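Numbered from 1 within each chain, the chains take letters A, B, ... in sequence-line order. Here the structure is a predicted model, which means the values were calculated and not measured.
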Number of protein chains: 2
Amino acid sequence: MRVTIKDIARAAGVSHTTVSRALRDSEEIRPETRARIRAIAEALGYRPNPVARALQGRRTQTLGVVVTRLSDPFHTEVVQGIEMVAQARGYGILLSLSHEDPEKERAIVELLAAKQVDGIIVAASRLGSRYLPMLEALQIPIVLINSHQTGPYVYSVATDNVHGGYLATRYLIGLGHRAIAYIGSRRGGRSNQDRYRGYRQALREAGLPLRPEWVVKGDGRVEGGEAAMRRLLEADPRPTAVFCYNDLTAIGALKAALRAGLRVPLDLSIIGFDGLEEGTYVTPMLTTVAQPRRQLGRLAAEMLLEILEGRPSPKHILLQGTLIERESCGPPG
Amino acid sequence: MRVTIKDIARAAGVSHTTVSRALRDSEEIRPETRARIRAIAEALGYRPNPVARALQGRRTQTLGVVVTRLSDPFHTEVVQGIEMVAQARGYGILLSLSHEDPEKERAIVELLAAKQVDGIIVAASRLGSRYLPMLEALQIPIVLINSHQTGPYVYSVATDNVHGGYLATRYLIGLGHRAIAYIGSRRGGRSNQDRYRGYRQALREAGLPLRPEWVVKGDGRVEGGEAAMRRLLEADPRPTAVFCYNDLTAIGALKAALRAGLRVPLDLSIIGFDGLEEGTYVTPMLTTVAQPRRQLGRLAAEMLLEILEGRPSPKHILLQGTLIERESCGPPG
DNA sequence: ATGAAGGGTGCACACGTGTGCGAAAATTTG
DNA sequence: CAAATTTTCGCACACGTGTGCACCCTTCAT
């Protein structure tokens, strides 16, 4: 059987109350008694029962984490960042996948609330404003990663997509490109719009035209990027550089370009977004605007823990991406 | 406040005992009473408190999952498989990362046990035989993925690495290669040994020599594969084909080969192991022996649930990998 | 020596759910 | 219609930990 404070109480000849206090209160109990009880607890190999503590104290020391899919390497790093912070602070991670299904996401959040998690982190929510009433009812703080809502229990950490899109496009312009395409994402939602906005802003500033035939959409994955690039290669005139919604899209674009016999970056420059490890797997290695993914997770977790422990915390944090120059971009040939 | 069975009891004018039974026992309560109580519970929006249930019934409906790193795409799919099964059956997933640190792994497993998870799944354990005494003490069933131990509480699901290594090498031989190298992994442990064994077996059967200078080691990641391939390129005579411990290693090997100006598969054939999505990102796409990763996770979870629900279950399952022909292998030029 | 003050400890209850057993109510049996 | 039987329900306790309040035992001041 498992050792409980009652067992310790019996062994020490005191009440379980005294044991409970000796192991935590520290002040109300005579030092000798406390030391004796602690020694016995140690000797018996006592481990407090988190379930009982949760029932009594309303704290489970567990965070709920909701992600769309783990097969997306972006989320993977985020989760890893969350986990590291949580583990260091003694919290557990209850992980659920929503598979981009808003209804499922909703059900998961309610399930997590029922399981009494202390707080919830949602990466790439598909639920939007429908959250707010639910969260008010749940009374559990939520940190959203890369999506934005406002409300009493809602916090967020996000990267500045407009800035990132601007940064990527400016970089291409700086290399001398004047014919720059954008491959977006059907599923990107707000983040796609924002990156696109940054792209347009950079073009406008440089006095470059925004050509509709140079703006196509993928699906945020490799296949979509490939298909989009094939369409783009038929454009006349053909762009000399492409900014892609994310790295997976860019990898697809690169595949299609190589297959069409183009030399990258000589005939075509390609820049991605995210800063995935996967971008270094391909030849040439992918130049990209990196999101601080692990830090997104870290910050989200730290934010949540601050809130839970009653410390002051900002409600919304916006991070800037950084350019990583690798090999897929160069001056127009 | 949250609705409890006491609230329902008050509203229905019965004791909380009756409510408890009406919501589960079903038999001992008069049908009309039961229906009335259920209606009230529904109306009040009652949700049972899993924490209280866990304390009372010793079941948390939660599985612990331990993985080394999520940045390894192999584990990602496994976790996803586990999560799908768990979610469908109403179980939660408590995820922890061990970062390949045996001591941390041990601490995590004990923490999970303290948190009262019903069962534990460990992917790629680094703990080996040190598990057994601990598990006996914990009395919690564990399913190991791709590692093998035996004991009263230990179950396992694994892929047949010897067979996989044999399959890969046989394939290369079948294409006409006679100079076949192996890039292993320093960190691969038993699985590396087994794949190597399959490699040697295939060579032996075909009457091909095992040359020590054609056997080098990476680290199971891209960088290690790259470095290993650079060493291999200096061998004389140079191999015409390489079997790599896993896909990441193979991707590294491919990078190094392309950089050295080799044409793949014309000058060099490369085959990997795992069947990662990432293998399709590179050009040429990677031929590989695929592990049924998601199924590994699924089976592990299903196995664990069978055990928990007292149904009969095999103790050890061994799955076979399958060859996926893509573009990185061809006859020797 | 007596009373007040104060620190140390235990009783009883709380958290929300589940269950053995006995009591009350309803039903069947003689 | 009374007795035996069955059904239906509630009391009390359990799970392991935490806490308000009262009590007891020192210790100190008068």
Side-chain angles (χ1 to χ4, degrees), chain A residues 1-38 40-41 44-62 90 111 113-118 138-140, chain B residues 1-38 40-41 44-62 90 111 113-118 138-140:
Chain A
M1 260 333 272
R2 193 178 171 130
V3 181
T4 73
I5 56 172
K6 280 187 189 167
D7 300 323
I8 301 173
R10 202 174 309 120
V14 297
S15 76
H16 82 276
T17 308
T18 304
V19 176
S20 175
R21 284 203 247 267
L23 297 177
R24 34 186 30 260
D25 264 348
S26 299
E27 290 316 318
E28 290 201 351
I29 301 295
R30 188 156 27 133
E32 308 97 71
T33 316
R34 196 195 320 156
R36 193 164 55 90
I37 289 176
R38 290 210 164 147
I40 294 177
L44 292 178
Y46 170 72
R47 305 254 148 227
N49 182 333
V51 176
R53 280 209 172 145
L55 181 58
Q56 147 66 30
R58 279 113 163 47
R59 283 288 172 101
T60 52
Q61 298 267 101
T62 303
L111 186 78
K115 285 221 175 197
Q116 311 262 102
V117 296
D118 296 337
L138 261 36
Q139 307 218 352
I140 293 182
Chain B
M1 259 336 273
R2 196 177 168 128
V3 181
T4 73
I5 55 171
K6 280 186 189 167
D7 301 323
I8 300 173
R10 203 174 309 121
V14 297
S15 74
H16 81 276
T17 307
T18 305
V19 175
S20 174
R21 284 203 246 268
L23 297 177
R24 33 187 31 262
D25 264 347
S26 298
E27 290 316 318
E28 289 203 349
I29 301 296
R30 189 160 20 139
E32 308 98 70
T33 316
R34 196 195 320 158
R36 193 166 54 91
I37 290 176
R38 290 210 163 146
I40 294 176
L44 293 178
Y46 170 72
R47 305 254 147 228
N49 182 334
V51 176
R53 280 209 173 145
L55 180 59
Q56 147 67 29
R58 279 109 163 53
R59 283 290 173 99
T60 53
Q61 298 266 101
T62 303
L111 185 78
K115 285 222 175 195
Q116 311 261 102
V117 296
D118 296 337
L138 261 36
Q139 307 218 352
I140 293 181

For B:Arg34, which of B:Thr18, B:Ile29, B:Val19 qualifies under side-chain contact (heavy atoms from CB on, under 4.5 Å)?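 With B:Arg34 as partner, side-chain contact (heavy atoms from CB on, under 4.5 Å) holds for just one option, B:Ile29.
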
Could you walk me through whether A:Val14 and A:Arg36 pass side-chain contact (heavy atoms from CB on, under 4.5 Å), step by step? CA-CA 11 Å; A:Val14 297; A:Arg36 193 164 55 90; 4.1 Å; yes

N/O contacts under 3.5 Å, protein versus nucleotides 20-22 of chain D?
residue: D:dG20; atom: O6; partner: A:Arg21; partner atom: NH2; Å: 3.0

Rounded distance (nearest 0.5 Å) linking atom [atom1] of [X] with atom [atom2] of [Y]:
X	Y	atom1	atom2	result
B:Ile40	B:Arg10	CD1	CZ	12.0 Å
B:Leu111	A:Arg47	CG	CZ	9.5 Å
B:Gln116	B:Ile140	CD	CD1	7.5 Å

Rounded to whole Å, please give me the gap between [atom1] in [X] and [atom2] in [N].
X	N	atom1	atom2	value
B:Asp7	C:dG16	CG	C1'	10 Å
B:Glu32	C:dA25	CD	P	17 Å
B:Gln61	C:dG16	CD	C1'	16 Å
A:Ile37	D:dG18	CD1	C1'	15 Å
A:Arg34	C:dG8	CZ	P	9 Å
A:Lys6	D:dT17	NZ	C1'	10 Å
A:Gln116	C:dC15	CD	C1'	10 Å
B:Ile29	C:dA24	CD1	C1'	14 Å

Between D:dT17, C:dT9, D:dT8, which nucleotide has the shortest distance from any of its atoms to the side chain of A:Thr18?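 In terms of side-chain proximity for A:Thr18, the closest of D:dT17, C:dT9, D:dT8 is C:dT9.
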
Any side-chain N or O of B:Thr33 less than 4.0 Å from the OP1 or OP2 oxygen of D:dC9?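 Answer is yes, contact under 4.0 Å.
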
Distance check: side-chain N/O of B:Ser15 vs OP1/OP2 of D:dG10, anything under 4.0 Å?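 True: B:Ser15 side-chain N/O within range (under 4.0 Å) of D:dG10 OP1/OP2.
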
Using a cut-off of strictly less than 4.0 Å between a heavy atom of the residue and any atom of DNA chain D, enumerate the qualifying residues of residues 47-56 of chain B by number.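 Going residue by residue through residues 47-56 of chain B, the ones with a heavy atom under 4.0 Å of DNA chain D turn out to be B:Leu55, B:Gln56.
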
Which residue lies more 5' along DNA chain D, comparing B:Arg30 with A:Ser20 via nearest heavy atoms: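 First, find each residue's nearest nucleotide; the 5'-ward one identifies B:Arg30.
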
Donor-acceptor contact below 3.5 Å, side chain B:Asp118 vs main chain B:Arg59: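 Here the side-chain-to-backbone pair does not exist.
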
Under the side-chain hydrogen bond (donor to acceptor under 3.5 Å, both in side chains) test, which residues partner A:Ser20, sequence neighbours left out?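 Testing A:Ser20 for side-chain hydrogen bond (donor to acceptor under 3.5 Å, both in side chains), a comparison that skips the adjacent residues, returns none.
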
Under 3.5 Å, is there a donor-acceptor pair between the B:Arg2 and A:Gln139 side chains?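 No donor-acceptor contact under 3.5 Å links the two side chains.
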
Verdict with supporting geometry, B:Lys115 and A:Thr62, side chain to side chain donor-acceptor pair (under 3.5 Å): CA-CA 10 Å; B:Lys115 285 222 175 195; A:Thr62 303; 3.2 Å; yes

When only distance counts, do a donor and an acceptor, one from the side chain of B:His16 and one from the base of C:dG18, lie under 3.5 Å apart?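 Answer yes: a donor N or O sits under 3.5 Å from an acceptor.
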
